Amino acid sequence: MSEQGKPVTGGGTSTPERPAASSAAVPAIELTNATKRFRTPSGALHTAVRDLDLTVAQGEFVAVVGPTGCGKSTTLTLVSGLEEPTEGEVRVQGRPVAGISDQVGFVFQQDAVFPWRTVLSNVMAGPRFRGVPVAEARERARDWLARVGLAAFEDRYPHQLSGGMRKRVALAQTFVNDPKILLMDEPFSALDVQTRALMSDQLLDLWAGTGSSVVFVTHDLDEAIALADRVVVMTAGPATVKEVFTVDLPRPRTVEAVRLEPRFIEIYREIWASLGEEVRITRERGAGNAA
């Protein structure tokens with residue numbers, strides 16, 4: 001079901017594995033009339049996102065989809081504190097974003113590992129940077145490596161791992177810091193189809209019970225629906241929220257199984273009717289520029 005023109009405001013389907021999101025609680029993330037402009041090399045101003053209103057509840061998993069280059073990643077950088085809005089306001093846990101917060105974890109499309117460090121050392125790095133004693137950091141890192149199935153690979157280096165294994169390291173690196181907000185920018189896009197599905201299932205397993213709020217940017221609508229409580233459709237750039245859809249599929253979910261559900265197909269059609277129009281607009285703009 002869609003909520004025409006409304007920002008994400010409530011939680012998704014509650015499960016025994018994680019706390020239900022409460023509409024009465026302070027939102028985990030709030031963007032209010034957020035606009036971001038960049039100066040291009042030619043000196044012109046480029047508007048990446050405009051008048052963006054988006055609210056994510058505590059413990060909610062929100063997927064963001066939209067045409068290529070519309071500003072989805074910019075939205076994540078505003079929440080993370082890596083960029084400041086040109087206009088409007090961004091709040092995390094009820095407070096204005098002022099720089100990078102240790103409550104926020106960010107999983108990028110590219111691997112963010114130190115190639116000269118072992119797997120264990122990579123996962124320990126976050127706690128150590130936060131002042132956690134070595135013994136405790138090692139214990140926490142080993143716990144999360146066990147959760148992602150890499151306990152036997154703690155002494156390996158990143159170049160000795162497969163792409164899927166490196167993504168599991170990235171998840172362990174993020175979750176070991178106990179983030180309240182988890183931002184993910186197309187983290188599985190470089191993986192093959194089978195590994196991508198396995199990683200999606202593992203992400204849901206790791207997230208369950210943490211209470212963390214997730215904003216997951218993807219170009220894959222199947223992936224968005226399978227993972228999220230709600231799917232936000234962005235307009236063709238400069239991006240703003242066009243429409244929000246509730247994913248009323250029960251949890252816990254297995255990605256490959258949920259894709260076969262009749263309701264999944266119904267939701268896909270509803271969202272694609274909205275998203276497809278924005279994709280067409282972007283393609284037409286590109287064709288016009290090429291001409």
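This chain uses plain numbering: 1 for the first residue, then up along the sequence. Computed from a predicted structure; not experimentally measured.
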Q.
For Trp272, does the six-membered ring have the charged nitrogen or CZ of Arg269 within the cation-pi criterion, i.e. under 6.0 angstrom from the centroid and within 45° of the normal?
A. no
May I ask whether [X] and [Y] are part of the same hydrophobic cluster, defined by side-chain heavy atoms of I, L, V, M, F, W, Y residues being less than 4.5 angstrom apart, directly or through others?
X      : Y      : result
Val132 : Leu120 : no
Ile225 : Ile265 : no
Leu260 : Val193 : no
Leu161 : Leu198 : no
Val148 : Leu191 : yes

For the residue pair [X] and [Y], what are the closest heavy atoms and their distance?
X      : Y      : answer
Pro127 : Val123 : CD-O, 3.4 Å
Glu186 : Thr218 : CG-CA, 4.0 Å
Ser274 : Glu243 : OG-OE1, 3.0 Å
Ile271 : Phe245 : CG1-CG, 3.5 Å
Ala63  : Ala224 : CB-CB, 3.6 Å
Arg117 : Asn122 : O-ND2, 3.2 Å

[Y] and [X], any side-chain heavy atoms less than 4.5 Å apart:
X      : Y      : answer
Val104 : Pro179 : no
Val79  : Leu31  : yes
Asp220 : Phe188 : no
Leu52  : Thr75  : yes
Arg147 : Phe175 : no
Gln160 : Asp155 : no
Phe61  : Leu182 : no
Trp207 : Thr210 : yes

(Q) Other residues, nucleotides and ligands only: do more than 12 of their heavy atoms fall within 6.0 Å of CD on Glu84? (A) no
Q) Does the side chain of Asp185 pick up a donor-acceptor pair with the side chain of Ser73 at under 3.5 Å? A) yes
(Q) Out of the candidates Leu275, Val65, Val64, only one should pair with Met234 under the side-chain contact (heavy atoms from CB on, under 4.5 Å) rule; please name it. (A) Val64
Calculate, to the nearest 0.5 Å, the distance between atoms [atom1] and [atom2] belonging to [X] and [Y] respectively.
X      : Y      : atom1 : atom2 : value
Cys70  : Ile281 : SG    : CD1   : 11.5 Å
Thr86  : Arg37  : OG1   : CZ    : 6.0 Å
Leu150 : Trp144 : CG    : CH2   : 13.0 Å
Phe216 : Leu203 : CZ    : CG    : 6.5 Å
Arg166 : His159 : CZ    : NE2   : 10.5 Å
Lys180 : Ile29  : NZ    : CD1   : 14.0 Å

Q. Got a sec, which hydrophobics cluster with Phe129, joining ILVMFWY side chains under 4.5 Å apart, including via others?
A. Phe114, Trp116
**Q.** salt bridge (charged side-chain N to carboxylate O under 4.0 Å, His left out) partners for Glu223, two or more places apart
**A.** Arg196
Q) With Lys167, which residues qualify under salt bridge (charged side-chain N to carboxylate O under 4.0 Å, His left out), at least two apart? A) Asp111
Q. Hey, does the side chain of Asp201 reach the backbone of Thr254 with a donor-acceptor pair shorter than 3.5 angstrom?
A. no
Q: Give a yes or no on whether the backbone of Leu82 and the side-chain of Thr77 come within a donor-acceptor separation of less than 3.5 Å.
A: no
Q. Can you list the residues that meet the side chain to side chain donor-acceptor pair (under 3.5 Å) rule with Arg156, with sequence neighbours excluded?
A. none
Q: Sequence neighbours left out, what passes side chain to side chain donor-acceptor pair (under 3.5 Å) with Gln103? Give chain and number order.
A: none
Q) Asp248 and salt bridge (charged side-chain N to carboxylate O under 4.0 Å, His left out): which partner among Arg253, Arg230, Arg263? A) Arg263
**Q.** Thr47/Lys36 under side-chain contact (heavy atoms from CB on, under 4.5 Å): CA gap, chis, key distance, verdict
**A.** CA-CA 6 Å; Thr47 303; Lys36 181 63 182 179; over 6 Å; no
**Q.** Full working for side-chain contact (heavy atoms from CB on, under 4.5 Å) between Asp53 and Asn33
**A.** CA-CA 5 Å; Asp53 291 324; Asn33 296 323; 3.5 Å; yes
Distance-only donor-acceptor pairs under 3.5 Å for side chains of residues 88-98, two or more places apart:
| from | atom 1 | to | atom 2 | distance (Å) |
| --- | --- | --- | --- | --- |
| Glu89 | OE2 | Arg91 | NH1 | 3.0 |
| Arg91 | NE | Gly94 | O | 3.1 |
| Arg91 | NH2 | Gly94 | O | 2.3 |
| Gln93 | OE1 | Gln58 | NE2 | 2.7 |

Q: Begin with the C-alpha distance, continue with both residues' side-chain angles, and end with the deciding distance and a verdict on salt bridge (Lys or Arg N to Asp or Glu O under 4.0 Å) for Arg50 and Glu87.
A: CA-CA 9 Å; Arg50 59 177 173 83; Glu87 298 172 7; over 6 Å; no
Q.
Arg142 vs Glu139, test: salt bridge (Lys or Arg N to Asp or Glu O under 4.0 Å). Steps then yes/no.
A. CA-CA 5 Å; Arg142 281 178 169 155; Glu139 181 180 358; over 6 Å; no
Q | side-chain contact (heavy atoms from CB on, under 4.5 Å) evaluation trace for Thr118 with Tyr157 | A | CA-CA 5 Å; Thr118 64; Tyr157 289 88; 3.7 Å; yes
Q: Flag the pair Asp229 and Arg251 as a salt bridge only when some basic side-chain nitrogen lies within less than 4.0 angstrom of an acidic carboxylate oxygen.
A: yes
